[in-house]
Protein chains: 2
Amino acid sequence: MKTQLSQRQADAIRYIRNWLMHKGKTPSVRELMTALGYKSPRSAALIIEKLIQKGILRKRSNGDLQLIKDIDADSVHARTVDIPLVGMVTCGVPILAQENIEGYIPVSVSLAKPGFKYFLLRAKGDSMNKAGINDGDLILVRQQSTAQNGDIVVALIDDEATVKEFQHRKNCVVLMPRSNNKSHKPIILTENFQVQGVAVTTIPKLEV
Amino acid sequence: MKTQLSQRQADAIRYIRNWLMHKGKTPSVRELMTALGYKSPRSAALIIEKLIQKGILRKRSNGDLQLIKDIDADSVHARTVDIPLVGMVTCGVPILAQENIEGYIPVSVSLAKPGFKYFLLRAKGDSMNKAGINDGDLILVRQQSTAQNGDIVVALIDDEATVKEFQHRKNCVVLMPRSNNKSHKPIILTENFQVQGVAVTTIPKLEV
DNA sequence: TACAAAGTGTATCATAGTGTATAAAAAAAG
DNA sequence: CTTTTTTTATACACTATGATACACTTTGTA
């Protein structure tokens, strides 16, 4: 399988993959156009035609595009998707709102699997250091509103992104710290609260 | 192999090699024409045909030219080895596959030591300028699949040869940019990915 | 409901650059 | 001089790109 791709075509595939990951659909011709630096929709349409011809894209009956044989994450050819890095959480706003996103970091698709939404969160404090999460680490979080007992979850408590261990009790939810610092206390919540996501991996602090 | 070359043919090879090293492609027929002082594209095309006939150039299936061997390599006193120059990376194929090699460039054996495999790669962008690697520089890479923390490695990320600093963390691998441009982000990968090689030297871009 | 605005994919035509081919002109060799 | 080789001047087909237009769908609003 030796598919000769031009630079533009490779850029297009990566752009489409990211768009799929974050918005759940493929970009329009004009969005691809501006993203690739073209000035005519025709040029982007031609790129798409070429990719369809090469069997990488497919056009469904309803006109939508589908990315076919892209996701083969072998160890030699690493593929990545851009995951938003959430910095400070702004009050009263969804955690993934534009104003909370500091930037996008490429993450291997073997960590951030297409089909789910992820974000990266910078850990603060030492409330989870027994779980290997220390101040400044990056936490890769899969966005979902449900959790199992023992999961490390991200929750919005008092307009702050909190990382704790999830424990569902008889009629309430407890968020447990995992720290050797005794000053951190469990947080007790009612059952009808929502988690923002579940931690998948942590990346030790990157000194930049 | 004593290939007798006319002056014009030798000039053409030098010109083509410079284009390969600095622009990453072979010149068009008309550019060769003006460079050699011809006034008709036919003349330059004839030169190319002759060089193909002598086995110095090769025409690929897609029409691009490839520099098979370099004239300097014929000179006995020059203690050089021909190192493949890798251009666009074809997806799903080893980085040193024939279709990725634009040509061969003579490099001193004091840099490319016999016993290892090397290739040359053209740096793109400014993501490593703090490490002294700037856009357009040629990077001499020793081919190997292991790396130490802090090594400047070449990896295949999203069908592109990426040059970054290698950092192995607890449960993942991070490729760090070394730039004073903040827009470059680290790339987060899993442990089961392979490095293509380690940068040995960089050859700064020269003006043509 | 009706209508306007914006966004969608697609098509048309023009332009510039590409490699290549043809035949005439010029130069070199006999 | 004639013959052969090299160089020139064009022409042709092909590709990539750009500017623009057209019909269609969605969406918000009156």
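Every heavy atom of this structure was used, including side-chain atoms; hydrogens, water molecules and symmetry mates were not. Just so it is clear, the model here is predicted, and its values are computed rather than measured. Each chain gets a letter, A, B and so on, in the order the sequences are listed, and its residues count up from 1.
Ion pair B:Asp158/A:Arg17 flagged as a salt bridge, since at least one NZ, NE, NH1 or NH2 atom sits closer than 4.0 Å to an Asp/Glu carboxylate oxygen. Between A:Arg14 and A:Asp82 there is a salt bridge, since at least one side-chain N of the basic residue sits less than 4.0 Å from a carboxylate O of the acidic one.
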Identify the pairs formed between an N or O of the protein and an N or O of nucleotides 5-8 of chain C at a distance under 3.5 Å, and give each distance.
unit_1, atom_1, unit_2, atom_2, d
C:dT8, OP1, A:Ser28, OG, 3.2

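In this pair, B:Tyr15 and B:Trp19 present their aromatic rings tilted. The plane angle is within the 30 to 60° band. A:Phe166 and A:His168 have tilted rings, their planes meeting at an angle from 30° to 60° on a 0 to 90° scale.
Contact annotation: A:Lys50 side-chain N/O to D:dA16 OP1/OP2 distance is under 4.0 Å. In terms of phosphate contacts, A:Arg8 brings no side-chain nitrogen or oxygen within less than 4.0 Å of OP1 or OP2 of D:dA16.
For the residue pair A:Gln196 / A:Gln144, no side-chain donor-acceptor distance below 3.5 Å is found, with atom types taken as modelled.
Taken residue by residue, residues 38-46 of chain A places heavy atoms nearer than 4.0 Å to DNA chain C at A:Pro41, A:Arg42.
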Between B:Asn129 and B:Asn134, does the side-chain hydrogen bond (donor to acceptor under 3.5 Å, both in side chains) criterion hold? Intermediate values first, please. CA-CA 5 Å; B:Asn129 56 12; B:Asn134 297 298; 4.9 Å; no
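Geometric assessment of A:Arg8 against the ring of A:Tyr38 yields a positive cation-pi assignment under the 6.0 Å and 45° thresholds.
The aromatic ring centres of A:His22 and A:Phe119 sit 6.0 Å or more apart.
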